[in-house]
Amino acid sequence: MNKLGIPGQIVPLAIIGVVVIAAFIAARMLFVPDTFGEYGHYRASAVEEIASQEIVYAGHEACNDCHDDIFETKQESKHRDVSCEACHGPAADHIEAPDEFTPTAPRGRGYCPLCHGYNPSRPSGFPQILPKTHNPGKACMTCHDPHSPVLPHAPEDCSACHRDIANVKQVSHHATLSCRTCHDVPDEHLIQPKFVRAEKPANRERCGQCHDRDSDSPREIPRINIETHGERNLCWECHYPHYPEVGK
Ligand code: HEC
Ligand code: HEC
Ligand code: HEC
Ligand code: HEC
Ligand code: HEC
Ligand code: HEC
Ligand code: HEC
Ligand code: HEC
C-alpha cells in the first residue's frame, strides 16, 4: 500500500497500460491507410489502383478475329481449355498493332513441362512425362502440334498418365503385377480416357484368385482364407492395392 491506499504494483501496471494504448493509437494513425475499412477489411483505394492498371492480356476470343484457323483447331483439341496467351504471353499490344508487336512462341523444351513434367501432386490421369527421358534433344513440336496435341500413337504404358500409381506399385509387393491383372481396360481408354472408362475390381474374388488358400497360384504368394479373412469388407478397405501392406 502507498500513501493513497493503492497497492504498489498497480502504478507501474497502469503506466504500462497507458503506454500500450497510446502506442496502439499512434500506430493506427501512422500506419493504417486513410481508406482502410471503408468497404471492408481492406484498403478501399486498392480497388481503383488495380482497376487503373494497364490491361496486358487480350483474352483468347480476341485471337479468333485473325487466327481463326488456329483458334478452331485448338477448340477441337485436348488443349481447348489452355488459353492462347498461356503459351504466347500477354498479347494486348499485338491485337492493337499486329505488325509492330508479335508475341513470342515457346519453342524450347523447357516450357511444356511446366504443365506436363511429372509432379506427384497432379491428378492421376493427367498426361505427364519425364522431360529428361522423353525423346531428349528434340523440340516437343517435332512430334506434337501445340495447337492440337494428338499423340503419335497410344501410350504403351499406363504410367504415361498414372505415373503416381505406377511409381508406388513399382516398389511394392505387387511390383510384378501388370495393371491389367486387376483392371479391365478398353484400349480406347488410352486415347480418350475421359470418355472410355477403365474398370476397378468389383469383388474380393479378384484378389482371391491369387491369395485364397485354395487358389492354384504360385506357392510363394501369401495365403488367406477368403471365407473368413476380413469377410465383412472389401480387401482394399484394409490393404491399399497398389502397395499392399500387412499390419503387424
Ligand atoms: C488484328 C489481327 C490479329 C489479331 C486479333 C491477333 N493476331 Fe496474331 N498475328 C497477326 C498477324 C498479321 C501476324 C503476323 C505478323 C508477322 O509475321 O510479323 C500475327 C502473328 C502471330 C504470331 C506469330 C509469331 C511468330 O513467332 O511467328 C503469334 C504467336 C500470334 N500472332 C498470336 C496471337 C494471339 C495469341 C492472339 C490473341 C491474343 C493474336 N495473335 C491476335 C494478326 C493478329
Ligand atoms: C500449348 C501452347 C500453345 C497454345 C495454347 C497456343 N499456341 Fe500458338 N504456338 C505455340 C508454339 C510452341 C508455336 C511454335 C510452333 C512451331 O514453331 O512449330 C506456336 C505458333 C503459333 C503461331 C505461328 C504460326 C504457326 O502456326 O506456327 C501463331 C500465329 C499462333 N501460335 C497463334 C496461336 C493462337 C491464336 C492460339 C489460341 C487459339 C495459340 N497459338 C495457342 C504454342 C501454343
Ligand atoms: C497451361 C498448361 C499446359 C501447357 C503449358 C501445355 N499443355 Fe498440353 N495439355 C494441357 C491439358 C489441360 C491437356 C488435356 C489433358 C486431359 O485431357 O486430361 C493437355 C494435353 C496434352 C497432350 C496429350 C494429348 C492426348 O491425346 O492425350 C499432349 C501430347 C500435350 N498436351 C502436349 C503439349 C505440348 C507439346 C506443350 C507445349 C507446346 C503443351 N502441351 C503445353 C495443358 C497444358
Ligand atoms: C520424337 C518425338 C517426340 C518428341 C520430341 C516429344 N514427344 Fe511426347 N510423345 C511422343 C510419342 C510417340 C508419345 C506417345 C506414347 C508414348 O511413347 O508414351 C508421346 C507422349 C507424350 C505425352 C503423353 C504422355 C505419355 O508419356 O504418353 C505428353 C504429355 C508428351 N508426349 C509431351 C511432350 C513434351 C512436353 C515434349 C517436349 C519436352 C515431347 N512430348 C517431346 C513423341 C514425342
Ligand atoms: C492418356 C492418359 C491415360 C492412360 C494412358 C491411362 N489412363 Fe487411366 N485414366 C486417365 C484419366 C484422365 C482418368 C480419370 C477419368 C475421369 O475421372 O474422368 C483415368 C482413370 C482410370 C481409372 C479409374 C476409373 C474410375 O472409375 O475411377 C483406372 C482404374 C484407370 N484409369 C486405369 C488405367 C490403366 C490400368 C491404364 C493402363 C492400361 C490406364 N488407366 C491408362 C487417363 C489415362
Ligand atoms: C492388385 C490389383 C491391382 C493392381 C495390380 C493395380 N490396381 Fe489400380 N486399383 C485396384 C483396386 C482394388 C482399386 C480400387 C481402390 C478403391 O476403390 O479404394 C484401384 C484403383 C485404381 C484407380 C482409381 C483410384 C486411384 O487410386 O486413383 C486407378 C487410376 C488405378 N487403380 C490405376 C492403376 C494402375 C495405373 C495400375 C498399374 C500401375 C494399377 N492400378 C494396378 C487394384 C489394382
Ligand atoms: C496375380 C496375382 C495377385 C493378385 C490378383 C493379387 N495379388 Fe496380392 N500379392 C501377389 C504377390 C505375387 C505378392 C507378393 C508376394 C511376395 O512378396 O513374395 C502379393 C502380396 C500381397 C500382400 C502381402 C504384402 C506383405 O506385406 O507381405 C497383400 C496384403 C496383398 N497382396 C493383397 C492383395 C489384394 C488386396 C489384392 C486385390 C486387390 C491382391 N493382393 C491381388 C499377387 C497377387
Ligand atoms: C478388415 C480388414 C481386412 C480385410 C477386409 C482384408 N484383410 Fe488381409 N489382412 C488384414 C490384416 C490385419 C492382416 C495381417 C494379420 C493377419 O495375418 O491376419 C492381413 C493379412 C493379409 C495377407 C498376408 C497373410 C500372410 O500370411 O502373410 C494377405 C495376403 C491378405 N491379407 C490378403 C487379403 C485379401 C486378398 C483380402 C480380400 C479377400 C483381404 N486381405 C481382406 C486385414 C484385412
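Atoms within each ligand, like the ligands themselves, are counted from 1 in listed order. In what follows, every heavy atom counts, from backbone to side chain, and hydrogens, waters and symmetry copies are set aside.
At least one heavy atom of Val82 lies less than 4.0 angstrom from ligand 3. Remark: distances from the non-hydrogen atoms of Pro106 to ligand 2 include one below 4.0 Å.
Atom 8 (Fe) of ligand 2 has an N, O or S atom of His88 under 2.8 Å away, backbone or side chain.
Below 4.0 Å from some heavy atom of Cys87 lie the following atoms of ligand 2, by number and element: 1 (C), 2 (C), 3 (C), 4 (C), 5 (C), 42 (C), 43 (C). Per-residue contacts place Cys115 under 4.0 angstrom from the following atoms of ligand 3 (heavy atoms of the residue considered): 1 (C), 2 (C), 3 (C), 4 (C), 5 (C), 43 (C). Ligand 3 places these atoms under 4.0 Å from at least one heavy atom of Tyr111: 5 (C). Close approach to Cys63 involves these atoms of ligand 2, each under 4.0 Å from a residue heavy atom: 35 (C). Close approach of ligand 3 to Cys140 (heavy-atom distance below 4.0 Å) involves ligand atoms 35 (C). Close contacts between ligand 3 and Pro146 involve ligand atoms 38 (C) [criterion: under 4.0 Å to a heavy atom].
When the shell of 6.0 Å around CD of Glu54 is examined, it contains 12 or fewer heavy atoms from other residues, nucleotides or ligands. The number of heavy atoms from other shown groups lying within 6.0 Å of CD1 (Ile55) does not exceed 12. The local environment of CG in Asp216 is sparse, with at most 12 non-hydrogen atoms from other residues, nucleotides or ligands closer than 6.0 Å. For Glu49, the CD atom sits in a packed shell: over 12 heavy atoms of surrounding residues, nucleotides or ligands are nearer than 6.0 Å.
When heavy-atom distances to ligand 2 are checked against a 4.0 Å cut-off, Arg107 comes that close only through its side chain, counted from C-beta outward. Heavy atoms of Cys84 found under 4.0 angstrom from ligand 2 belong to the backbone as well as the side chain.
Judged by distance alone, the side chain of Arg163 and the main-chain N or O of Pro127 form no donor-acceptor pair under 3.5 Å. Side chain of Ser172 to backbone of Tyr243: no donor-acceptor contact under 3.5 angstrom is found.
In summary, of the residues considered (Pro106, Cys112, Pro149, Pro131), a side-chain contact (heavy atoms from CB on, under 4.5 Å) with Cys140 occurs for Cys112 alone.
Classified by interplanar angle (parallel below 30°, tilted 30° to 60°, perpendicular above 60°), the ring pair His183/His242 is tilted.
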Go through Arg223 and Asp214 one step at a time and tell me if the side-chain contact (heavy atoms from CB on, under 4.5 Å) criterion holds.
CA-CA 9 Å; Arg223 303 308 167 113; Asp214 295 332; over 6 Å; no
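Atom NE2 is the N/O/S atom of His147 found closest to atom 8 (Fe) of ligand 2.
Seen from atom 8 (Fe) of ligand 3, atom NE2 of His116 and atom NE2 of His79 lie 180° apart in angle, a value rounded to 10°.
A distance of 6.0 Å or more separates the ring centres of Phe71 and His147. Taking the six-membered ring wherever Trp is involved, the centroid distance between the rings of His41 and Phe36 falls below 6.0 Å.
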Output, or 'none' if empty, a list of ligand 5-protein atom pairs in which both atoms are N or O and the distance is under 3.5 Å, rounded to 0.1 Å.
unit_1: ligand 5; atom_1: 7 (N); unit_2: His162; atom_2: NE2; d: 2.9
unit_1: ligand 5; atom_1: 7 (N); unit_2: His189; atom_2: NE2; d: 2.8
unit_1: ligand 5; atom_1: 9 (N); unit_2: His162; atom_2: NE2; d: 2.8
unit_1: ligand 5; atom_1: 9 (N); unit_2: His189; atom_2: NE2; d: 2.9
unit_1: ligand 5; atom_1: 26 (O); unit_2: Arg197; atom_2: NH2; d: 3.2
unit_1: ligand 5; atom_1: 31 (N); unit_2: His162; atom_2: NE2; d: 2.9
unit_1: ligand 5; atom_1: 31 (N); unit_2: His189; atom_2: NE2; d: 3.0
unit_1: ligand 5; atom_1: 40 (N); unit_2: His162; atom_2: NE2; d: 2.9
unit_1: ligand 5; atom_1: 40 (N); unit_2: His189; atom_2: NE2; d: 3.0

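Look at Asp145 and Lys78 and you find no salt bridge, because none of the NZ, NE, NH1 or NH2 atoms lies under 4.0 Å from a carboxylate O.
Nearest heavy atoms, Ser83 versus His60: OG-CB, 4.1 Å.
Close N/O approach between Ser83 and ligand 2 is not found [any backbone or side-chain N/O within under 3.5 Å].
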